[in-house]
Amino acid sequence: MKDLSPPRGTPVSTATVRDAGEADMPAILDIVNHAIVTSTAIWSDEPVDLASRHAWLQDRRAAGSPVLVAEDGGEVVGFGSYLQFRAWSGYRHAVEHSVYVRDDRRGSGVGSLLIGALLGRARADGKQVMIGGIEGRNTASLRLHRRAGFIEVGRMPGIGEKFGRKLDLVFVQKQIV
């Protein structure tokens, strides 16, 4: 299990959050691929390419879902987004979010900044519930979400597999209205 705690001396973030653009896709690609090859934050075994990230951005825009980046010193240091939790209309007020922070900026406040911005955007969009799915041993992400007011609402033991081991999926939820 990779230690996801921040290195000692990680600077406190001075990042700002904005909507992502096409020019941000290479930095987002680097963050995603690093998470794929080094962690269980993304349950995929194969890195993705730049064309897939551009398509992902277009899909999010078409769905009316935000993609936000945290930028610090002119560099993208994290990103986040959300989509409707499930496709059926009864879930129209529930969204599932994802937040990823560049490896060297974990623990600096970037994740909290992105979650706060996503919650604000979801509230403005009339959403009522935000959900997250977190790998059960990702204590840093579980702590981050607890600090943001999320509660654990479900655990699915052994539902995933990566790096030759079974993974638990933990669902967290926050009422946002």
Side-chain angles (χ1 to χ4, degrees), residues 2-44 47-50 52-61 63-83 95-127 129-135 137-151 170 172-177:
K2 181 176 168 136
D3 180 6
L4 298 176
S5 57
R8 290 189 185 270
T10 300
V12 174
S13 179
T14 58
T16 58
V17 175
R18 62 172 172 77
D19 287 308
E22 297 290 338
D24 298 314
M25 292 305 100
I28 288 175
L29 176 70
D30 289 345
I31 293 168
V32 166
N33 281 337
H34 186 269
I36 289 172
V37 301
T38 66
S39 77
T40 56
I42 298 175
W43 293 11
S44 176
V48 296
D49 62 17
L50 188 56
S52 75
R53 287 297 90 188
H54 284 290
W56 169 82
L57 179 63
Q58 293 309 315
D59 289 347
R60 297 288 166 128
R61 286 178 173 168
S65 295
V67 175
L68 306 177
V69 293
E71 185 178 55
D72 196 358
E75 295 183 349
V76 172
V77 295
F79 73 95
S81 185
Y82 65 72
L83 281 172
V95 293
E96 183 175 3
H97 77 290
S98 297
V99 169
Y100 298 96
V101 177
R102 200 172 72 187
D103 193 42
D104 64 329
R105 296 306 298 273
R106 291 188 187 133
S108 69
V110 171
S112 295
L113 187 66
L114 284 163
I115 287 175
L118 287 171
L119 287 166
R121 186 72 63 94
R123 191 176 296 110
D125 287 346
K127 304 305 177 188
V129 178
M130 185 171 282
I131 298 160
I134 304 168
E135 196 276 316
R137 294 183 189 167
N138 189 343
T139 56
S141 185
L142 291 167
R143 270 193 315 268
L144 169 69
H145 283 83
R146 269 194 301 277
R147 282 194 311 267
F150 286 77
I151 59 169
V170 176
V172 295
Q173 173 180 321
K174 179 178 174 97
Q175 297 297 127
I176 55 178
V177 293

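Only heavy atoms go into these numbers, but all of them, side chains included; no hydrogens, no water, no symmetry mates. None of the values given here were measured: they were computed from a predicted structure.
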Determine, stepwise, if the pair His54 / Leu50 fulfils side chain to side chain contact (heavy atoms under 4.5 Å, CB included). CA-CA 6 Å; His54 284 290; Leu50 188 56; 3.7 Å; yes
Locate the shortest heavy-atom distance separating Gly78 from Val110; write the atom from each residue and the value. CA-CG1, 4.3 Å
Asp19/Arg121 ion pair, N-O < 4.0 Å: yes
Please report the shortest heavy-atom distance between Ile28 and Val69, naming the atom on each side. CD1-CG1, 3.8 Å
Take Val101 and Val77, measure what side chain to side chain contact (heavy atoms under 4.5 Å, CB included) needs, and give me the verdict at the end. CA-CA 6 Å; Val101 177; Val77 295; 5.7 Å; no
Working to the nearest 0.5 angstrom, can you tell me the gap between Ser108 OG and Leu113 CG? 9.0 Å
Could you tell me which non-hydrogen atom of Ala35 sits nearest to which non-hydrogen atom of Ile42, and how far apart they are? CB-CD1, 3.8 Å
Min side-chain heavy-atom separation Leu83-Arg60 under 4.5 Å: yes
Got a second to check how far Ser52's OG is from Leu29's CG, nearest 0.5 Å? 6.5 Å
Restricting to non-hydrogen atoms, name the atom on Ser44 and the atom on Ile36 that form the minimum distance, rounded to 0.1 Å. O-CG2, 3.3 Å
Please determine which of Leu119, Ile131, Leu118 meets the side-chain contact (heavy atoms from CB on, under 4.5 Å) test together with Tyr82. Leu118
Rounded to the nearest 0.5 Å, how far apart are CD of Gln58 and CD of Glu22? 5.0 Å
side-chain contact (heavy atoms from CB on, under 4.5 Å), paired with Val172, selected from Ile151, Ile134, Leu144: Ile134
What one should report as the nearest heavy-atom pair of Met25 and Ala20 is CE-CB, 4.3 Å
With Phe79, which residues qualify under ring pair (Phe, Tyr, Trp, His ring centres under 6.0 Å), at least two apart? Trp56, Tyr100
Sub-4.5 Å side-chain heavy-atom contact between Leu142 and Arg146: yes
Heavy-atom pair of closest approach, residues Pro66 and Ser81: O-OG, 2.6 Å
Atom CG in Leu68, atom CD1 in Ile115: separation rounded to 0.5 Å? 12.0 Å
Interatomic distance, Lys127 atom NZ to His97 atom NE2 [nearest 0.5 angstrom]: 15.5 Å
Hey, what do you get for CG (Asp103) to CG (Asp30), rounding to the nearest 0.5 Å? 12.0 Å
Residues at least two apart in sequence or cross-chain that pass salt bridge (Lys or Arg N to Asp or Glu O under 4.0 Å) with Arg18, listed by chain then number, are Asp24, Glu71
Would Thr40 and Arg137 count as a side chain to side chain contact (heavy atoms under 4.5 Å, CB included) if you check the C-alpha gap in whole Å, the side-chain angles of each, and the deciding distance to 0.1 Å? CA-CA 9 Å; Thr40 56; Arg137 294 183 189 167; 5.9 Å; no
Does the Ser98 side chain pair with the main chain of Gly80, one donor and one acceptor, at a distance under 3.5 Å? no
